[in-house]
Structures are given as C-alpha cells and as structure tokens.
J.: 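Quick one: the structure is below, questions incoming.
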2 protein chains.
Amino acid sequence: MKTISKENYLKIIFSREEETGKPITTTYLADKLNVSKAAITDMARRLAAEELIAYERYHGIRTLPKGKKLAVEVIRKHRLWELFLLEVLNMNWSEVHDEAELLEHTTSDKLMNRIDKFLGHPKFDPHGDPIPNRNGKFPKTAKRMSLLESAEGKKYKIVRVNDASKDVIDFLSKIGIELGSEITVKKILPKNEGALIKNGRRLHSISGNIAAALFIAPAEKGRKR
Amino acid sequence: MKTISKENYLKIIFSREEETGKPITTTYLADKLNVSKAAITDMARRLAAEELIAYERYHGIRTLPKGKKLAVEVIRKHRLWELFLLEVLNMNWSEVHDEAELLEHTTSDKLMNRIDKFLGHPKFDPHGDPIPNRNGKFPKTAKRMSLLESAEGKKYKIVRVNDASKDVIDFLSKIGIELGSEITVKKILPKNEGALIKNGRRLHSISGNIAAALFIAPAEKGRKR
DNA sequence: CTTAAAAGTTAAGCAATCTTAACAATAAAG
DNA sequence: CTTTATTGTTAAGATTGCTTAACTTTTAAG
C-alpha cells in the first residue's frame, strides 16, 4: 500500500541516488528522515517486499523502476506546489517548502495536472530544480561542465559556450568541439581545475576556464531519429 | 496528537450534532466512516481523553469546545478548497469533494488564509454551505422557516418576506411581525403544515404558506449594542 | 413489566511505523 | 592482518487505527 511515509522514503532515496549514483546508506536516511536507523532497516524490508527498492543487508538501497516512478511523481507534485504557492498564492519563499512537503502526498494526479496547466507547464520550480512532466520525464538541464563532478562517464551535448574570446573558440575548434557536439565526460577535477573529455575517439584535457564556459546537457538516449 | 483520522471523526461528529442537536451514536459514525462499531468506541475513548469530545458509555458523543474548534477548522478548509478547485482550477463538480477531503488535512492555516483571500473571503461554498471565517464564525444563513424543523426553541430574525400579497402582509402586521423582528420558533410542523412562533409574549400559529414565505436567520447572541 | 432486537462495548489480535538496547558486520587505522 | 570505530541489524515493545467475535446494555414491542 502507498503511504505518506513510504513516499517520503522513496523521494529521498531517489534524490540521493541521482546525486551520488551509489547505494543509499541507512545512516543517511535515518538522518534525513529524523528516525532511528532501526526504522530504516525496517522500512527497507517493506519497500523491498513491494519491489520499490532493491535492498541488500549491510549494503544499502537502490531504487527499482516502480519506486523510481513513485518518487518522481512525488517530486513533481512537490515542485509544482512550490511554484504554485509562491507565484499564485504569493506565499513567502520560506514557507513554501514545508507546505509543499505536506500537500505532495494528498494531491491526485488529476489535480496536479490542473495545476500544471494553470501554471503553463513550467519546467523549473522556484529553486531552479527541474519539474518532471506528467510522464515522469525531466527536462534536460544544462549545467556548467565544471560543476558536474557527479556525472562522470556519461554522454553530454554542448548546448552553450559562455565565452566568445578568440582563444577559447580557437581551442575548441582545434579539438573539434562546437555547439551541439556530443562528448563523454571522463573526469571533472574539483575546484574548477579542469576536465577530461572524450570527443569521438580522442581524449582531451580541458582547462578550468573552459570547463566553466561550457554548458552541457545530458545527451538523448535511445535510437537516433 | 492531531491526526487525519481524528479530524475526520470530529468533522462528522460536529456536523451531525449541528444537524440533530443530540448526542451522536456509535452506529451512525461507524456507518459514515466505514469502520466497525468497535473502532468508534475505541476512538471515542481517545478523543475523550484529549477533551475533544464528551463521551458517556452507551450514551453517545458530544463535542467539547476544543473538538468543535478543530472540526470547524477542518470544515472551513474543506469548503474553501472545494470552491477553489471548482472556480480557480476548473475541476469538475464531481471531483471536487473527494479532492478537498484529502487536502483539508494537510493545509496549514496560513495557506488556507491565502486561499480565502484569493477567493475574496467567500461566505458559501459551491453547495451553498456556509464557510466559517478564520475565527471559526459561520455567516448567518437565512432559511425558509418551513424547512427549519431542527431549530425549534431558538431565537430568529425575520430577514426576508418572500410574498407581497395583501393577505400575507396584513396577517403579519396584525400579529406584529415585520422585517427585522425577532421571534422564537416554538414548533415547525412537518410537510409544510405551518408553525408556532412566539413574538414577544404572544404565541401565534402560522400557516404553511406563510412559514414558507418567511426567511429567518439566527438572531445574534450576547449583549445588544 | 418482560423479553427479544438493536446498539454498544470489550477482548484479542493485526499491520504500519516508530523506539531503545543488544548484537553483528564492515570499514578504517595502525 | 588484526583491532576498533562505525555502520547496520535484530529483538522486543509502544502507539494508532483498525478487525472479528463474544458479551452487555439499552430500547422497543408486546
């Protein structure tokens, strides 16, 4: 059965997994949810029984497709509510989060779609976080390459080059990169000290400067059209 | 502690008490809430322990001030949400009730006041039911005297006379009744067969016709100003 | 007034979500 | 590679809100 508690667990598990790419620990969840670690283990068993998560004793939690879907629905509701409360009802920035935290669990999909429509199908909430659409798809979001440590190993598309200086342009054209190029991020050094990317078969080292100028968005998966 | 379940119990207990003026029975609640009678007894003990209701074994439930206050808050939220969903979000008449049933328990007073303001402090919901204001006061509602069986013994004010025929006007003036008069309802006969009212010290018998033409609203309580 | 039907209560138990305390596994440090 | 600190699990128990079944009180009918 779907409960408020379970929705909250899944929401946090999902978000954390997106952030780290690693299994979520008991301690992290106990902290975030303000409950004992025993409570986490307990719930983990129940969520696993419903195939919402994969849970391996002593080795953390991962979401399964069903759990992911539920989590995304809750996140969608949360973000739409935040926007709605802020923009339509003129609530304060500071109040909006807690309010949405409550409403997100008692809002039907139908109502949520009404609100979505009312707001003009927004893609981002007041914090700039992406709002998944009614099918659970997140809008592609472009970020500075220099800030993308978490996403190493994945394919990205260059969507903006935030620097028009000759040096930068020249360097990029020299290594065969232009707007729309698809590259693979191999390594992002912390503190904006550059990056390692792969363009086709060639591996290139990028300075911090340039990594900060390049805005990249996840490349489409699946077959090309 | 305040829970969704308790709010629902109180809401129904309060409404039923307003309607009948009598203690609420276990069977009635079990029916309304779709739970066993044992569950009602159980909850009654818990609500009584919190002084939300007065509960006497085998003799039903009455609300206490604290419970009344809570119930009115929930009713206010319910009705405001219904209006909001219908008018602002264009939801269907049929969907609005169930949706409000959920939202009413997860909406802060602050948010509710925003919605109230957004709607222009409405006094009635889409069903015509009165919406209590933020202090829990219901707007005075005028009703045909012929339909007010429930309210015998109380003081009312004549707020509308929905019949301009000479006979009616003459009769009323003969017994000393005009717009604004305060009378006490002594007896309302069912099937619109008339009423017995007291105007000052005099007792008058009213025909069904006239009882249907007189719109009355609860008289103000407390000291006159 | 008695008695059967209706209404209400109690007892035992279950599921969900917690808690604390004791114990077990893993990871980190030497 | 052992030892210890950290992390995680289990067991037992509490609370909320239910259920069913057995029992008690009240009400209504004769």
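Bear in mind the structure is a predicted one, so any value in this text is a computation, not a measurement. Here is the naming used below: chain letters follow the sequence lines, and residue numbers restart at 1 for every chain.
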J.: State, with a plain yes or no, whether a side-chain heavy atom of B:Leu80 is found less than 4.5 Å away from one of B:Arg76.
T.: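 Yes, their side chains come closer than 4.5 Å.
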J.: With a cut-off of less than 4.0 Å, is there a side-chain N or O of A:His59 near OP1 or OP2 of C:dT26?
T.: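 Yes, because at least one side-chain N or O of A:His59 sits under 4.0 Å from OP1 or OP2 of C:dT26.
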J.: Can you tell if the side chain of A:Met145 reaches within under 4.5 Å of the side chain of A:Ile197, non-hydrogen atoms only?
T.: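 Heavy-atom side-chain distance check passes, below 4.5 Å.
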J.: Between atom OH in A:Tyr28 and atom P in D:dT6, what is the gap in whole Å?
T.: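 From A:Tyr28 OH to D:dT6 P: 21 Å.
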J.: Send over the distance from A:Met43 CE to C:dT19 P, rounded to a whole Å.
T.: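 From A:Met43 CE to C:dT19 P: 11 Å.
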J.: Strictly below 4.0 Å: does A:Thr41 bring a side-chain N or O up to OP1 or OP2 of D:dT10?
T.: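 Indeed not, no polar side-chain atom of A:Thr41 lies that close.
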J.: In whole Å, I'd like the distance from the CD1 atom of B:Ile4 to the C1' atom of D:dT15.
T.: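 To the nearest whole Å, that distance equals 16 Å.
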J.: Check every strand shown and say whether A:Tyr9 touches a base, only sugar-phosphate, or nothing at a heavy-atom separation below 4.0 Å.
T.: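 A:Tyr9: backbone/sugar contact only, no base atoms under 4.0 Å.
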J.: Have a look at A:Ser36 and say if it touches a base, only the backbone sugar-phosphate, or nothing, with a 4.0 Å heavy-atom cut-off.
T.: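 Contact class for A:Ser36: base.
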J.: Between A:Glu99 and B:Ser108, is there a donor-acceptor pair closer than 3.5 Å when you use the side chain of the first and the backbone of the second?
T.: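 Side chain of A:Glu99 to backbone of B:Ser108, a donor-acceptor pair under 3.5 Å: yes, one is there.
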J.: Roughly how many Å is it from CG in A:Asp42 to P in D:dG8, rounded to a whole number?
T.: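 It works out to 16 Å between those atoms.
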J.: Would you say a side-chain N or O of A:Tyr58 is under 4.0 Å from OP1 or OP2 of C:dC23?
T.: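 No.
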J.: Any idea which of D:dG17, C:dA7, D:dT9 is nearest the B:Thr27 side chain?
T.: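 Selected nucleotide: C:dA7.
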J.: Taking atom types as modelled and ignoring hydrogens, do the side chains of B:His105 and B:Asn8 form a donor-acceptor contact shorter than 3.5 angstrom?
T.: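 There is such a pair between these side chains.
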J.: Tell me the interatomic distance from A:Arg45, atom CZ, to D:dT9, atom C1', rounded to whole angstroms.
T.: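 A:Arg45 atom CZ is separated from D:dT9 atom C1' by 8 Å.
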J.: Does B:Ser5 make a side-chain N or O approach to OP1 or OP2 of D:dT16 shorter than 4.0 Å?
T.: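 False: B:Ser5 side-chain N/O out of range (4.0 Å or more) of D:dT16 OP1/OP2.
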J.: If the cut-off is 4.0 Å, is B:Arg57 near the phosphate of C:dT10, judged by side-chain N/O to OP1 or OP2?
T.: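 Yes, B:Arg57 has a side-chain N/O under 4.0 Å of OP1/OP2 on C:dT10.
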